[in-house]
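Structure record follows, encoded as structure tokens.
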Amino acid sequence: MGKEKIILTGDRPTGRLHIGHYVGSLKRRVELQNSGLYDKTFIFIADAQALTDNIDNPEKVRQNVIEVALDYMAVGLDPSKSTIFIQSQIPELCELTFYYMDLVTVSRLQRNPTVKTEIQMRNFETSIPVGFFTYPISQAADITAFKATTVPVGEDQEPMIEQTREIVRRFNHIYGDTLVEPEILLPDNAACLRLPGTDGKAKMSKSLGNCIYLSDTADEVEKKVKSMYTDPTHLKVSDPGKLEGNTVFTYLDAFCKPEHFGRYLPDYPNLDELKAHYTRGGLGDMKVKKFLAAIMQEELTPIRERRKEFEKDIPAIYEMLRKGCETARTTAAATLDEVRKAMKINYFDDTELIAEQAQRFGQR
Ligand code: TRP
């Protein structure tokens, strides 16, 4: 115990997962799951967190729980290797959150950069739901309940992990060594850190309509790639093109492997040569887009096909989740026992306590 290497991460079920999620975290998780380097992997659907800013839209969250579960299975998360579960079914997480709330100040939460931008994005400035405001604390409960050592997430989650580490240090300092300080694991490829939308906007987001979903059909993927944002000043094929902010090249940085050239674009030995030609002029957008589309199809076709297979037996997916919740609950309950003990609120399983108190009162 204590030395185990444990992975934990999750996603809010507010939509189907897209290729930003895929390169930013999902792909890595599957590799980690299969690496044999970790003792346990926990992957969960953060429905309770999704409700913190969708409180009037429970149906949306409910529908997307199964979508996300299907996306998980489709990319290769494997319930025989990873515990896949639903956050709201683990009430222990609420209890941990309640205790951790005493370890965090309001001003510390107000300074959390992710919470700050999310408050702005949602126009919550004048009326922030308390549950939303405190979700970093509940996220600390998610992570610590499973004694996670490694949290693979996107860059935007960095403040959450930092907040968790502070809570762990504070808890252990006051109550004795109980919780494990997690480490963040970011994508190692810069293009994967924050994949832009197909329109070139900084982030893929459902509301901007600039996502390529893992469950998109081959036609949808083709169309989306062909209409991607490139360099608006690259009008004629002979014009020199810019790479910065050119979404097609950012996606190539994220997805292209050397062997793709042999398969789909044998005129070029590698990505550097392709970029050099584009910058020089004489290489049209459509040629590059066709290449990217071929790569995307190669990556997404097996995912799409596996998803179709899993869609044929939806009850089996719910059963997988139910079992995952059971396993997760056992783990979380064990941590909660330790937390209660450390916090001295374990009155009824501490036999010495009752004897001690009896003696104390007897002595008076
Ligand atoms: N906040 C994460 C997101 O928006 C989801 C999440 C909730 C999470 N709890 C977590 C991620 C714990 C990692 C660990 O995507």
Side-chain angles (χ1 to χ4, degrees), residues 6-26 28-29 32-33 38 40-54 60-61 64-65 67-69 71-72 77 82-90 92-94 96-97 100 109 112-119 121-122 131-168 179-187 192-195 203-207 211 324-325 328 331-332 335:
I6 299 175
I7 296 197
L8 174 134
T9 189
D11 303 275
R12 293 185 194 180
T14 51
R16 291 176 290 150
L17 299 180
H18 52 61
I19 59 170
H21 297 115
Y22 182 64
V23 295
S25 169
L26 288 171
R28 187 65 162 293
R29 288 180 209 175
L32 294 169
Q33 164 199 268
Y38 292 85
K40 288 181 196 146
T41 304
F42 293 97
I43 309 287
F44 74 101
I45 302 175
D47 61 338
Q49 189 177 106
L51 284 168
T52 63
D53 66 331
N54 285 286
K60 167 172 145 190
V61 173
N64 283 305
V65 165
E67 296 281 3
V68 170
D71 286 330
Y72 282 173
L77 289 174
S82 298
T83 303
I84 304 174
F85 67 98
I86 309 175
Q87 185 187 29
S88 64
Q89 304 308 296
I90 319 297
E92 286 76 8
L93 298 177
C94 300
L96 283 176
T97 304
Y100 294 171
L109 285 174
N112 184 311
T114 307
V115 174
K116 256 190 182 161
T117 39
E118 285 177 334
I119 285 172
M121 269 162 46
R122 289 161 179 74
F132 178 80
F133 184 60
T134 55
Y135 91 74
I137 305 177
S138 119
Q139 191 153 335
D142 300 337
I143 296 170
T144 54
F146 301 93
K147 304 215 161 148
T149 51
T150 313
V151 185
V153 279
E155 191 182 31
D156 62 317
Q157 295 296 304
E158 215 158 1
M160 301 299 153
I161 312 302
E162 193 41 47
Q163 180 83 72
T164 302
R165 291 165 62 87
E166 285 175 31
I167 291 174
V168 169
L179 303 174
V180 176
E181 231 180 283
E183 255 154 46
I184 190 169
L185 190 62
L186 292 169
C192 296
L193 263 181
R194 180 160 292 222
L195 199 71
K203 206 178 168 177
M204 271 203 184
S205 112
K206 197 174 47 185
S207 51
C211 306
C325 289
T331 309
T335 304

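Counting starts at 1 for both ligands and their atoms, following the listed order.
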Q. Does NZ or CZ of R12 lie under 6.0 Å from the centre of the six-membered ring of Y135, at an angle within 45° of the ring axis?
A.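 Pair R12/Y135 counts as cation-pi.
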Q. Of the listed options (H21, Q139, E118), which comes nearest to atom 10 (C) of ligand 1 when hydrogens are ignored and any heavy atom counts?
A. Q139
(Q) Out of M160, Q87, Q49, who is nearest to atom 7 (C) of ligand 1 when you count heavy atoms only? (A) Q49
Q: Look at atom 9 (N) of ligand 1 and say which protein heavy atom is nearest, naming residue and atom and giving the distance to 0.1 Å.
A: D142 OD2, 2.8 Å
Q. What protein heavy atom is closest to atom 4 (O) of ligand 1, reported as residue, atom name and distance in Å?
A. R12 NE, 3.2 Å
**Q.** Nearest-0.5 Å distance, CG of residue L109 to CZ of residue F133
**A.** 4.5 Å
Counting from 1, what ligand 1 atoms have a heavy atom of [X] closer than 4.0 Å?
X: L8; value: 12 (C), 14 (C)
X: V151; value: 13 (C), 14 (C)
X: Q157; value: 1 (N), 2 (C), 3 (C), 4 (O)
X: I143; value: 12 (C), 14 (C)
X: A46; value: 7 (C)
X: V153; value: 11 (C), 13 (C)

Q | Sequence-distant partners of E67, side-chain contact (heavy atoms from CB on, under 4.5 Å), two or more places apart | A | R16, N64, R307
Q: Report the relative orientation of the aromatic rings in F44 and F85; use parallel for angles under 30°, tilted for 30 to 60°, perpendicular for over 60°.
A: parallel
**Q.** Residue that, paired with S82, satisfies side-chain contact (heavy atoms from CB on, under 4.5 Å) out of Q33, R29, K40
**A.**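 So, applying the side-chain contact (heavy atoms from CB on, under 4.5 Å) to S82 and each of Q33, R29, K40, only Q33 qualifies.
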(Q) Can you confirm whether L195 sits close enough to H18 that some side-chain heavy atom of one is under 4.5 Å from a side-chain heavy atom of the other? (A) no
**Q.** Flag for T144-Y100: side-chain donor and acceptor within less than 3.5 Å
**A.** yes
